[in-house]
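Here the structure is laid out as structure tokens; the discussion comes afterwards.
Because only heavy atoms are used, hydrogens play no part in the values below, and waters and symmetry mates are left out as well, while side chains stay in. Note that this is a predicted model, so its numbers are computed, not measured.
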Amino acid sequence: MKKLLLDYKNSFSFVGLSVAGLFFAASVTPSLLPRTFVVQGILSGFSLAIGYGVGLAGLFSYQFLGLREPEGRVQVIAKRITVVLVAVVFIGFIWRMTAWQNSIRELMQMEPLESAYPYRTAIIAIAVGAILVAFARAFGWSCRFVADRLDRFVPRRIASAVAVVFVSVVIMTLSNDLIVKNLLNAADHFFANLDEISDEVPAKPTEEFLTGSDESLVSWNSIGRQGKFFLAGGPTKTDIETLWQSDADHPIRVYVGLRSRPTPKDRAKLALEELKRVGGFERSVLIVATPTGTGWLDPSAVDTIEYLHGGDTAIVSTQYSYLPSWITILIDPERSIRSAQALFDEVYSHWKTLPKTSRPKLYLQGLSLGSLGSEICSDIYTVFEDPIDGAVWSGPPFPSRRWRQAINNRVEGTPVWLPKFRDGRLLRFTAQENALEPDRPWGPMRNVYIQHASDPMVWFSPDLAWSRPRWLGDSRGPDVSSQLRWYPIITFLQIGFDIPMATTVPIGFGHNYSPSSYIDAWVAVTDPPFADPKQRRQLKDHFRSLDTPKP
């Protein structure tokens with residue numbers, strides 16, 4: 001037994017372990033969001049395994065080139081120096097863990113940690129790293145096994161190449177069929193059941209003008225959990241009148257669930273007919289809203305516009321998924337685009353037939369994956385034929401093409417996390433503080449992106465693995481730790497691990513967008529009647545007093 005343990009210990013590469021230690025150290029540095037020791041441990045475990053692989057790859061490359069390796073006493077001294085340097089870096093970074101985590105928490109107005117639990121993190125990391133290395137070794141053993149069998153028929157190099165390809169294909173196939181599909185099916189089943197849960201959801205509406213009532217074209221039972229909360233939530237006519245001490249209308253909300261109709265086009269057609277039935281086109285403001293992956297519409301976004309316009313609004317939306325946005329974006333991000341485009345086409349086709357003097361102003365709205373789908377709706381032909389009035393998008397996810405084009409073509413000298421686009425007449429950006437420059441003139445169409453510098457859903461990108469991001473330049477966002485540094489591969493892992501945790505931070509940070517930001521954006525885009533400085537402060541104070549629910 002002792003010999004087996006010794007052999008196993010000696011099977012590890014000194015160079016690989018040294019690089020793995022440096023990767024672990026880099027992984028505990030701050031990223032965009034604070035992390036628990038469990039998440040940090042898993043992240044560091046991946047970093048350990050990848051670092052070990054990078055070290056081995058570097059060593060093999062060195063040997064392949066036939067470069068001279070140090071021998072004898074020189075090698076011993078070199079190893080001792082390396083051990084000391086890696087140990088100093090390792091211990092120093094572990095010691096700084098708590099301070100680094102608190103550097104993020106302080107910016108996000110969170111309670112500081114007494115400890116980031118470095119020892120617990122290390123134990124989890126070693127366990128995760130060991131498992132990943134074991135899988136990698138099993139892959140290598142399988143490749144050698146296949147290559148040895150092929151060696152009888154073809155040259156060794158060809159046998160090795162074929163073996164790698166063959167084993168990779170087998171593993172990918174088995175992983176996809178046995179692991180990935182089962183995990184996705186389990187997630188799909190879980191979130192589908194969650195979407196249908198009737199406990200604690202609002203009761204079926206009784207007023208005939210409400211979607212889901214007996215008179216509605218949309219069956220209440222076909223609407224998912226988040227859709228029911230949207231339809232039953234928000235300010236009532238009385239709420240708005242009480243706040244403004246003025247007459248108001250009852251806001252119109254239309255929502256079609258994923259189970260209401262089988263296809264996005266069918267759901268869009270149903271939404272249009274329901275919108276007509278409840279008088280949505282008779283309001284002053286009509287918003288085509290695209291929900292997040294779970295079908296959730298952020299109350300911070302929809303409630304605020306209803307207050308600002310005294311309830312003279314109609315919001316229409318259709319569900320396309322019940323999975324969280326970060327899962328949907330990995331599986332099929334086109335779902336939101338197909339759904340948003342189908343709904344917009346139906347609503348827009350009817351809207352443009354109405355007299356321009358009496359039809360509502362038409363706007364788009366979307367958060368996260370909803371922003372991805374919504375931003376593509378109004379294409380260049382729409383703009384030229386009969387333009388809509390504008391849009392408010394928040395937390396645009398990293399695959400968003402139009403958002404990326406805008407920040408890539410920003411005015412020189414403006415930061416990527418708060419850019420200026422051309423002369424600002426068509427598109428503006430804002431964050432926690434209002435940066436919309438209300439005194440500057442707008443064009444006929446007004447569009448606003450709300451984005452946080454600390455939102456990993458926005459700033460994740462595959463090229464983080466090899467390229468320093470522009471948002472990590474000299475001028476970084478106010479909610480990004482000054483101690484955040486870019487490390488190849490590591491920063492990619494850190495921001496990737498941040499994505500599922502993006503809504504766990506306080507409102508106004510990460511992927512949680514505040515009512516205050518939406519109020520500023522809606523005022524800039526829609527020019528509402530209740531928008532003088534006193535009323536804006538009053539509305540912001542009203543929402544600060546509420547506990548805005550998150551999905």
Whether Asp389 and Arg359 form a salt bridge (side-chain N of Lys/Arg under 4.0 Å from carboxylate O of Asp/Glu) is what I want to check. no
Just wondering, are more than 12 heavy atoms of other shown residues or ligands nearer than 6.0 Å to NZ in Lys204? yes
Apply ring-ring contact (aromatic ring centres under 6.0 Å, His included) to the pair Trp486 and Trp459, showing each step before the final yes or no. CA-CA 13 Å; Trp486 174 76; Trp459 304 115; over 10 Å; no
Could you please spell out the steps behind the side-chain hydrogen bond (donor to acceptor under 3.5 Å, both in side chains) verdict for Arg470 and Asn408? CA-CA 10 Å; Arg470 292 168 295 177; Asn408 286 344; 2.9 Å; yes
For residues Asp463 and Ser461, is any side-chain donor paired with an opposing acceptor at under 3.5 Å? yes
Answer yes or no: is there an ion pair linking Arg446 with Asp527, defined by an N-O contact shorter than 4.0 Å? no
Which pair of heavy atoms, one from Trp403 and one from Pro397, lies closest together, and at what distance? CE3-O, 4.3 Å
Could you list the residues that satisfy side-chain hydrogen bond (donor to acceptor under 3.5 Å, both in side chains) with Arg261, not counting sequence neighbours? none
Test side-chain hydrogen bond (donor to acceptor under 3.5 Å, both in side chains) applied to Thr292 and Ser368, step by step: CA-CA 6 Å; Thr292 63; Ser368 188; over 6 Å; no
Across all chains, not counting sequence neighbours, the side chain to side chain contact (heavy atoms under 4.5 Å, CB included) partners of Ser284 are Asp312
Under the side chain to side chain contact (heavy atoms under 4.5 Å, CB included) test, which residues partner Glu208, sequence neighbours left out? Glu215
Between Gln451 and Tyr513, do the side chains contain a donor N or O and an acceptor N or O under 3.5 Å apart? no
Please determine whether side chain to side chain contact (heavy atoms under 4.5 Å, CB included) holds for the pair Phe398 and Ile499, giving the CA-CA distance in whole Å, both sets of side-chain angles, and the decisive distance to 0.1 Å. CA-CA 11 Å; Phe398 58 91; Ile499 289 178; 4.1 Å; yes
Would you kindly say whether Thr236 and Asp239 are connected by a side-chain donor-acceptor distance under 3.5 Å? yes
Ring pair (Phe, Tyr, Trp, His ring centres under 6.0 Å) with Phe135: which residues, sequence neighbours excluded? none
Does the side chain of Thr211 pick up a donor-acceptor pair with the side chain of Ser216 at under 3.5 Å? no
Using a cut-off of 6.0 Å, state whether more than 12 heavy atoms not belonging to Lys265 lie near its atom NZ. no
Quick one: which residue pairs count as a ring pair (Phe, Tyr, Trp, His ring centres under 6.0 Å) with a foot in residues 248-267, not counting sequence neighbours? Phe209-His250, Phe230-Tyr255
Test salt bridge (charged side-chain N to carboxylate O under 4.0 Å, His left out) applied to Arg277 - qualifying residues, sequence neighbours left out: Glu274
NZ or CZ of Arg476 within 45° of Trp417 ring axis and under 6.0 Å: no
Do you know which two heavy atoms are closest between Pro478 and Leu107, and how far apart they sit? O-CD2, 3.6 Å
Side-chain donor-acceptor pair present, Ser481, Trp100, cut-off under 3.5 Å: no
Once salt bridge (charged side-chain N to carboxylate O under 4.0 Å, His left out) is applied, do any residues pair with Asp541, and if so which ones, sequence neighbours excluded? Arg544
Taking atom types as modelled, find out whether Ser44 and Gln40 have a side-chain donor-acceptor pair closer than 3.5 angstrom. yes
If every non-hydrogen atom of Leu32 is compared with every non-hydrogen atom of Ile104, which pair is closest and at what distance? O-CG2, 3.6 Å
Kindly give the heavy-atom pair with the smallest separation between Tyr320 and Gly293, and that separation in Å. OH-N, 3.5 Å
Across all chains, not counting sequence neighbours, the salt bridge (charged side-chain N to carboxylate O under 4.0 Å, His left out) partners of Arg105 are none
I'd like to check the side chain to side chain contact (heavy atoms under 4.5 Å, CB included) partners of Tyr117; sequence neighbours left out, ordered by chain and number. Phe37, Ser115, Arg120
Gln494 versus Thr29, side-chain donor and acceptor atoms under 3.5 Å: yes
Given Ile507, Ile450, Thr430, the one that forms side chain to side chain contact (heavy atoms under 4.5 Å, CB included) with Ser517: Ile450
Answer with yes or no whether the side chains of Asn409 and Gln405 bring together a donor and an acceptor at under 3.5 Å. no
Would you find more than 12 non-hydrogen atoms of other residues, nucleotides or ligands less than 6.0 Å from Arg404 atom CZ? yes
To the nearest 0.5 angstrom, please state how far the CG atom of Leu231 sits from the OG atom of Ser213. 10.0 Å
Pair Tyr307 and Phe543, ring centroids less than 6.0 Å apart: yes
For Glu111, I'd like to know if atom CD has over 12 heavy atoms of other residues, nucleotides or ligands within 6.0 Å. no
Can you name the salt bridge (charged side-chain N to carboxylate O under 4.0 Å, His left out) partners of Asp303, sequence neighbours left out? Arg253
Taking all heavy atoms of Gln538 and all of Leu243, pick out the closest pair and write down the distance. NE2-O, 2.9 Å
Side-chain H-bond candidate by donor/acceptor type, Ser31 with Asp498, under 3.5 Å: yes
Less than 6.0 angstrom from the centroid, inside 45 degrees of the normal: does Arg428 satisfy that with respect to the ring of Trp442? yes
Test side-chain hydrogen bond (donor to acceptor under 3.5 Å, both in side chains) applied to Ser47 - qualifying residues, sequence neighbours left out: none
Under the salt bridge (charged side-chain N to carboxylate O under 4.0 Å, His left out) criterion, do Glu346 and Lys269 qualify, and how do the steps go? CA-CA 6 Å; Glu346 290 295 330; Lys269 287 181 178 295; 3.4 Å; yes
Partner set under side chain to side chain contact (heavy atoms under 4.5 Å, CB included) for Phe492, not counting sequence neighbours: Phe460, Leu464, Ala465
Using the ring-ring contact (aromatic ring centres under 6.0 Å, His included) rule, take His350 and Phe281 through it: C-alpha gap first, then chi angles, then the decisive distance, then the call. CA-CA 9 Å; His350 179 74; Phe281 290 97; 4.5 Å; yes
Val480 versus Ala453, closest heavy-atom pair with distance: CG2-O, 3.4 Å
